[in-house]
Asks: 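So that we are looking at the same thing, I have put the structure below in structure tokens.
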Amino acid sequence: MTLETITLDDGTKIYKGKLGLFQKYDHKEFIKKLIYLKHLYPQWIQHPQNHFPGYQYTIWPIFDELVFMQSQTKMWAKENLNINTDCMIRSWVYMSDKSNVYSGYHAHPKTQYEDWGIIKEFDSTFVTTYYLQIPDNLTNDDGYIYFKTKDGKEFGFLPKEDEIIIFPADLEHNVRLNKNSTIPRICIASNYMYFNYKDAKLEKTFI
């Protein structure tokens with residue numbers, strides 16, 4: 001996986017390029033799997049609201065396509081960001097059709113898990129967004145993803161299908177609406193949380 005580097009300012013870079021999933025798997029079948037999850041586990045779904053961008057739900061099953069995506073990303077991070085430690089990954093599906101009315105800036109500096117009713121929070125290292133389907137009938141900057149640096153500088157472009165974007169977890173971003181599209185945007189977003197267990201101060205045990 002070879003990605004283009006885009007420098008937003010002196011301290012902020014994003015990376016984008018083709019993942020290559022379409023060459024290895026039938027992406028339409030992958031979309032069917034993700035839509036099946038939406039109907040199989042409706043309790044997982046966060047529905048569109050005035051402050052919430054489209055349908056979102058965590059991907060619990062270990063699909064081959066998802067494993068491929070994550071392994072390619074980890075390999076790229078090791079080779080290009082010099083990240084050699086282990087990580088936790090949380091991935092979810094994001095579907096946004098023309099009924100979505102919200103598009104606001106947000107970031108993913110923290111990742112939350114719910115375990116037995118208890119919310120646990122981890123620091124995110126970087127975020128990926130992967131585009132399985134791009135909406136049609138777009139005009140102007142419809143469907144664009146925008147990034148905003150800490151000094152307020154904005155940069156935007158229209159993602160392509162089979163394109164992955166990697167960016168810092170604390171970088172604010174949003175996606176413009178696709179108000180005239182006949183098909184939804186389907187994106188898989190992932191938070192990568194890298195850690196080095198060798199540096200951790202662990203409790204002493206008798207082992």
Asks: Looking at CG of Leu19 and CH2 of Trp76, how far apart are the two atoms once the value is rounded to the nearest 0.5 Å?
Replies: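 Nearest 0.5 Å value for the CG-CH2 distance: 12.5 Å.
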
Asks: Do Lys148 and Asn174 make a side-chain contact, defined as non-hydrogen atoms from C-beta onward lying under 4.5 Å apart?
Replies: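 Contact flag for Lys148/Asn174 side chains = no.
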
Asks: Within this structure, what is the NZ-CG distance for the pair Lys150 and Asp170, rounded to the nearest 0.5 Å?
Replies: 4.0 Å

Asks: Using distance only, find each side-chain donor-acceptor pair of residues 61-73 under 3.5 Å and give its atom names and separation, not counting sequence neighbours.
Replies:
residue: Glu65; atom: OE1; partner: Lys33; partner atom: NZ; Å: 3.2
residue: Glu65; atom: OE2; partner: Lys33; partner atom: NZ; Å: 3.1
residue: Gln70; atom: NE2; partner: Ser91; partner atom: OG; Å: 3.2
residue: Ser71; atom: OG; partner: Val67; partner atom: O; Å: 3.0
residue: Ser71; atom: OG; partner: Phe68; partner atom: O; Å: 3.0
residue: Thr73; atom: OG1; partner: Met69; partner atom: O; Å: 2.8

Asks: When you look at OH of Tyr36, are more than 12 heavy atoms from neighbouring residues, nucleotides or ligands closer to it than 6.0 Å?
Replies: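 Atom OH in Tyr36 is not packed in, count stays at 12 or less.
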
Asks: Any chance you could pull the hydrophobic cluster mates of Tyr146, using side-chain heavy atoms under 4.5 angstrom and chaining through other members?
Replies: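 Members alongside Tyr146: Ile6, Leu8, Ile14, Tyr105, Val127, Tyr131, Ile134, Leu138, Tyr144, Ile145, Phe147, Phe155, Phe157, Leu158, Ile165, Phe167, Leu171, Val175.
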
Asks: Return the set of residues passing salt bridge (Lys or Arg N to Asp or Glu O under 4.0 Å) with Asp26 (not counting sequence neighbours), or none when no residue passes.
Replies: none

Asks: Suppose the criterion is side chain to side chain donor-acceptor pair (under 3.5 Å): which pairs have a residue in residues 1-11, not counting sequence neighbours?
Replies: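 Counting only pairs at least two positions apart or across chains, the side chain to side chain donor-acceptor pair (under 3.5 Å) contacts touching residues 1-11 are Asp9-Thr12.
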
Asks: Return the set of residues passing ring pair (Phe, Tyr, Trp, His ring centres under 6.0 Å) with His108 (not counting sequence neighbours), or none when no residue passes.
Replies: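 Result, ring pair (Phe, Tyr, Trp, His ring centres under 6.0 Å) vs His108: Trp92, His106, His173.
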
Asks: For the CD1 atom of Ile89 and the CG atom of Asn191, what is their distance to the nearest 0.5 Å?
Replies: 10.5 Å

Asks: Could you check whether any side-chain heavy atom of Asp142 comes within less than 4.5 Å of a side-chain heavy atom of Pro135, counting everything from C-beta outward?
Replies: no

Asks: Find the distance between OH (Tyr194) and OG1 (Thr125) and round it off to the nearest 0.5 Å.
Replies: 7.5 Å

Asks: Enter the distance from Ile188:CD1 to Ile59:CD1 here, rounded to the nearest 0.5 Å.
Replies: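 Output value for this atom pair is 4.0 Å.
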
Asks: Among residues at least two apart in sequence or on other chains, which ones pass side-chain contact (heavy atoms from CB on, under 4.5 Å) with Lys160?
Replies: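 Listed in chain order: Lys18, Glu163.
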
Asks: Apply salt bridge (Lys or Arg N to Asp or Glu O under 4.0 Å) to Lys24 and list each qualifying residue two or more places apart in sequence or on a separate chain.
Replies: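 Here no residue qualifies.
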
Asks: If the condition is side-chain contact (heavy atoms from CB on, under 4.5 Å), which residues does Lys153 pass it with, not counting sequence neighbours?
Replies: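 Applying side-chain contact (heavy atoms from CB on, under 4.5 Å) to Lys153 gives Thr149, Asp151.
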
Asks: Heavy atoms only: give me the nearest Thr58-Arg90 pair and the separation to one decimal.
Replies: OG1-NH2, 3.1 Å

Asks: Name all residues meeting the side-chain contact (heavy atoms from CB on, under 4.5 Å) criterion together with Asp136; count only those two or more places apart in sequence or in a different chain, and write none if there are none.
Replies: Ser181, Thr182, Ile183

Asks: Taking atom CG of Leu132 and atom CD1 of Ile31, what is their separation to the nearest 0.5 Å?
Replies: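 One finds 5.0 Å between CG of Leu132 and CD1 of Ile31.
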
Asks: Please name the pair of heavy atoms, one in Pro159 and one in Gly143, separated by the smallest distance, quoted to 0.1 Å.
Replies: CD-O, 3.6 Å

Asks: In the structure I gave you, are the side-chain heavy atoms of Ile186 and Tyr94 within less than 4.5 Å of one another anywhere?
Replies: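 No - every pair of side-chain heavy atoms lies 4.5 Å or more apart.
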
Asks: Taking only residues two or more places apart in sequence or in another chain, which ones pass side-chain contact (heavy atoms from CB on, under 4.5 Å) with Lys179?
Replies: Leu177

Asks: Which heavy atom in Lys13 sits nearest to a heavy atom in Pro168, and how many Å separate them?
Replies: O-CD, 3.3 Å

Asks: Just distance, no hydrogens or angles: give the donor-acceptor pairs under 3.5 Å from side chains in residues 81-88, sequence neighbours left out.
Replies:
residue: Asn82; atom: OD1; partner: Asn84; partner atom: ND2; Å: 3.4
residue: Thr85; atom: OG1; partner: Phe195; partner atom: O; Å: 3.4

Asks: Test question: given the 4.5 Å side-chain rule for I, L, V, M, F, W and Y, name all other residues clustered with Met75, or answer none.
Replies: none

